[in-house]
Trainee: 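The structure that follows is given in the form of structure tokens.
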Amino acid sequence: MGSTAIQIPSRLPLLLTNEGVLLPGSSVRFSVETSRNIQLVKSRLLRGTSVKSTIIGVIPNTRDPDSESDELPHLHRIGTAGIAVQVVGSNWPKPHYTLLITGLCRFQIVEVLKEKPYPVAEVEQLDRLEQYTNGIGQLSDLSQQFYKYAVQLVEMLDISVPVVAKLRNLLDSLPKETLPDILAAIIRTSTNEKLQILDAVGLEERFKKTIPLLVRQIEGLKLLQKTRKSKPNDDKRIVAIRPFRRNNQVPGRPLYLDTVEEEDDDDDGDDIIMLEKKIKNTNMPEQAMKVCIKEIKRLKKMPQSMPEFALTRNYLELMVELPWNKSTTDRLDLRAARVLLDSDHYAMQKLKQRVLEYLAVRQLKNNLKGPILCFVGPPGVGKTSVGRSIAKTLGREFYRIALGGVCDQSDIRGHRRTYVGSMPGRIINGLKTVGVNNPVFLLDEVDKLGKSLQGDPAAALLEVLDPEQNHSFTDHYLNVSFDLSQVLFIATANTTATISPALLDRMELIQVPGYIQEEKIEISHRHLIPKQLELHGLTPQQIQIPKEATEGIISRYTREAGVRSLERKIGAICRAVAVKVAESQHKATNSSGTHVTEKEGKERVREETKSESINDATDLALPPEMPIVIDRHALKDILGPPIYEMEHHQSLATRIDIRCPLSHLGALKCHLRHNISARHAPAQILAHWWELQHRLVSWGTMERALHNRWRRWQRQRVPMVPAAGGLQGTRHMLSQGVMMCLWSHLRCSSCRKCGQVCGSIRECCMRLFFAWCPWWKSPRGA
Ligand code: ADP
């Protein structure tokens, strides 16, 4: 044994302690606060460079006076020489050190050599391992007996705890004479008992003093085990009682009793066992199960105070909560789906058609890999809400992930568990929240993903969105793969220009165009107005918004491709009407609240008729007649003067009545009032087209809008240029206008004044020209 060579210096600095007794072979933490002890730490332990300088004598049961000037107290005769393993200093709440000291052997003070700044004494070493005999006779019997008790004690402890396993090994490898000190330090003993053992210099005496302590500990443990054994019955009783209590909550019996019992269970450390049970019951893939079992084994051996304990526990709890095999069954009734989609959203035919196609294929083939649909369109056209409605149609859970401004790839893929505060990415978090593995995930605003030093989140999305790869998506936090192939991903974007080509390649783009006026009117009457009425607690009996009013809101108060701002304006109208309705109700209750008998009433009326006749007349006129109809004046009153009417003329005057390019269209003074003459018509169409272009609408929407506008003009008998009818007429007219624009542009390219306007007009003209111009197509066809 290496310890046989322990030889302590003959002069030792003394650390005077009052709490705790250091026994040879054990480690104790001492707080150093008095000036003498602090001096010892500073000048001996912190300055010393050799191992010898870290050896100090620890004198127990001696209160050191606070001040250095005070006399040295009476010192306990026997102390323990120990080696300072760790010194930790702190300034809070007052300067002090904490020493971790491991005891080496007993010593006896021969003479105190100096008292200041810290006491130093000449000492005599008492324990010498080389003297231990493992001898014969009574000592051998005592040591055997002690060893037997020690083994019995250790066997009663949980051997899976590493410290216990280590102790078991120590029992066999250490000389038996050292065991009393080591075990006395481990088992529950008072300071006095420990002092007695320290003072027992003779081995026989030491064994004799420790054996009763050991026996006492064994008895205590036996008693504890007995009570634990009877506990399962208690548990059963609790289990039997709990459901009864939950279902029939007995009045007067406080519910918290139940929770207190549960918390007690938790305190016993049962939650780790519960966690283990949960892991075994969770139907997770083999690979994930292996990782979980490994982690739970680590968790069991970890002290709770370790920061990693909480980290591992959180990880395991997430693994248990993840829906590895939980899914909802799809509702695959095509007819019902069509009805549901139609009732939720007006128009959007292309989009609805695509969803129905998906459903139809799902009906025929069970494990269809989730296609990634991307709805592209201007804001407020219903991309997000249609995603929600798809989830409802399929009977799946819905989860929205807002990607706007996300610029860290760990937001998608999670952080590695080595980082402090690490957490899983949004995909895994979403799965945990919805609790099933086949939800509809809406990746909102994919075009607004950012990039930063923390990586490119768009690149991280590539794996998520690739149906060929996402069956084994690995989140950094999880570190095992999760199958995302059942998830239906839907992305939304305002534009494809800012989406990276690789990401764009993974998705099936579906254009969601802006709405034309007629569609907006339909949407507001079918969806927005009923929704807002419900939100504001109004009924159709209280408010009526006729089509003319909606038209007015759309053309004079909003300018957008979608319907969000329209919805806000309707909300504002509802609020204003709600005030009126509430006021009128208040009056009605006031007047009906004061009941008077008929006789009294008649008398009072007679008395007050004269004086109040004028007031009554005005009061009767005050409550609005229901329903309140929103007309042009009401609109002006609630929403203020129209925002766009004036600007409309002005902007068009500047945009269309441009001096150079379009002046060649003849009388292009685009006043856009209703007295449109034949020569103004093409200009008006262009003006309208120009405006649509500015509202971010797609070509399809524009075509429909122009067509509608053309039909309205026809109804209003506005003379058009060519006699051809329908869309063909519009196209013809446009192509004429476009050609002229183009020609004008070529003519005016040298004009600096309008260079910019010409540039945009040229672009639009070119597109329109090549798309629609009949004579451009005919020579090709010929
Ligand atoms: P986006 O995601 O395209 O910006 P939203 O989905 O948030 O727009 O839609 C904004 C509002 O417009 C929602 O209240 C939605 O119900 C409504 N909406 C948009 N289009 C339609 C439609 N075709 N039918 C019914 N409501 C619609």
Trainee: Would you call R426 and D411 a salt bridge, using N to O less than 4.0 angstrom?
Mentor: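 A salt bridge links R426 with D411.
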Trainee: For a salt bridge (charged side-chain N to carboxylate O under 4.0 Å, His left out) check, start with the C-alpha distance between K278 and E317, then their side-chain angles and the critical distance, and finish with the verdict.
Mentor: CA-CA 9 Å; K278 273 192 207 164; E317 272 169 5; over 6 Å; no
Trainee: If we ignore hydrogens and angles and just use 3.5 Å, is the side chain of N18 paired with the main-chain N or O of N61 as donor and acceptor?
Mentor: no
Trainee: Given 3.5 Å as the limit, does a donor-acceptor pair link the side chain of W324 with the main chain of D483, or not?
Mentor: no
Trainee: Around K448, counting heavy atoms of other residues, nucleotides and ligands shown, do more than 12 lie under 6.0 Å from its NZ?
Mentor: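 Yes - once you tally the heavy atoms of other residues, nucleotides and ligands closer than 6.0 Å, there are more than 12.
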Trainee: Rounded to the nearest 0.5 Å, what's the gap from OG on S27 to CG on L99? Could you check?
Mentor: 12.5 Å
Trainee: Measure from NZ or CZ of R416 to the centre of the six-membered ring of Y477 and say whether it is under 6.0 Å with the direction within 45° of the ring axis.
Mentor: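 No, a cation-pi geometry is absent between R416 and Y477.
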Trainee: Is K392 atom NZ crowded by more than 12 heavy atoms from other residues, nucleotides or ligands, each under 6.0 Å away?
Mentor: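 Check fails, neighbour count at 12 or below.
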Trainee: Any donor and acceptor pair, going by atom type alone, linking the side chain of E308 with main-chain N or O of M302 inside 3.5 Å?
Mentor: no
Trainee: Would a distance-only check, ignoring hydrogens and angles, find a side-chain to backbone donor-acceptor pair under 3.5 Å from D444 to R400?
Mentor: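 No, D444 side chain to R400 backbone: no donor-acceptor pair under 3.5 Å.
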Trainee: Taking atom types as modelled and ignoring hydrogens, do the side chains of N470 and S485 form a donor-acceptor contact shorter than 3.5 angstrom?
Mentor: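 Per modelled atom types, N470 and S485 side chains form no pair under 3.5 Å.
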Trainee: Checking the side chain of T62 only, and the main-chain atoms of P60 only, is there a donor and an acceptor separated by less than 3.5 Å?
Mentor: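 It does hold such a pair.
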Trainee: Under the 3.5 angstrom rule, does the side chain of R396 hit a backbone N or O of S327 as a donor-acceptor pair?
Mentor: no
Trainee: Surrounding CE of M289 (heavy atoms of other residues, nucleotides or ligands, distance under 6.0 Å), is the total greater than 12?
Mentor: yes
Trainee: Does A200 offer a backbone N or O that forms a donor-acceptor pair with the side chain of R206 under 3.5 Å?
Mentor: yes
Trainee: Taking Y315 for the side chain and L478 for the main chain, is one N or O donor matched with an acceptor at less than 3.5 Å?
Mentor: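 Yes, Y315 side chain to L478 backbone: donor-acceptor pair under 3.5 Å.
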Trainee: The criterion is ring pair (Phe, Tyr, Trp, His ring centres under 6.0 Å); which residues satisfy it with F146, sequence neighbours excluded?
Mentor: F207
Trainee: Could you tell me whether R216 and E193 make a salt bridge, using a distance below 4.0 angstrom between a side-chain N and a carboxylate O?
Mentor: yes
Trainee: Got a donor-acceptor contact below 3.5 angstrom from the T80 side chain to the L22 backbone?
Mentor: yes
Trainee: Would you say the side-chain atoms of D172 and Y147 include a donor-acceptor pair closer than 3.5 Å?
Mentor: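 Their side chains do contain a donor-acceptor pair, which is all the 3.5 Å distance test asks for.
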Trainee: From L198 CG over to T191 OG1, what is the distance, rounded to the nearest 0.5 angstrom?
Mentor: 12.0 Å
Trainee: Strictly below 4.0 Å, N to O, side chains only: are R298 and E295 in salt-bridge contact?
Mentor: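 Counted as a salt bridge, because a side-chain N and a carboxylate O are separated by less than 4.0 Å.
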Trainee: As an exercise, state the distance from NZ of K326 to CD of E397, rounded to the nearest 0.5 Å.
Mentor: 11.0 Å
Trainee: Is it the case that more than 12 heavy atoms not belonging to E19 sit under 6.0 Å from its CD atom?
Mentor: no
Trainee: Once rounded to the nearest 0.5 Å, what's the spacing between atom CG of L23 and atom OG1 of T102?
Mentor: 12.5 Å
Trainee: In terms of side-chain geometry, is the basic nitrogen of D199 or R106 positioned less than 4.0 Å from the acidic oxygen of its partner?
Mentor: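 Between R106 and D199 there is no salt bridge, as every charged N stays at least 4.0 Å from the carboxylate O atoms.
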Trainee: Quick one: do F441 and Y399 satisfy ring-ring contact (aromatic ring centres under 6.0 Å, His included)? Show the steps, please.
Mentor: CA-CA 5 Å; F441 266 170; Y399 189 78; 5.6 Å; yes
Trainee: Examine distances only and state if a side-chain atom of R44 and a backbone atom of S53 form a donor-acceptor pair shorter than 3.5 Å.
Mentor: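 Present.
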Trainee: Under 3.5 Å, is there a donor-acceptor pair between the D408 and S410 side chains?
Mentor: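 Yes.
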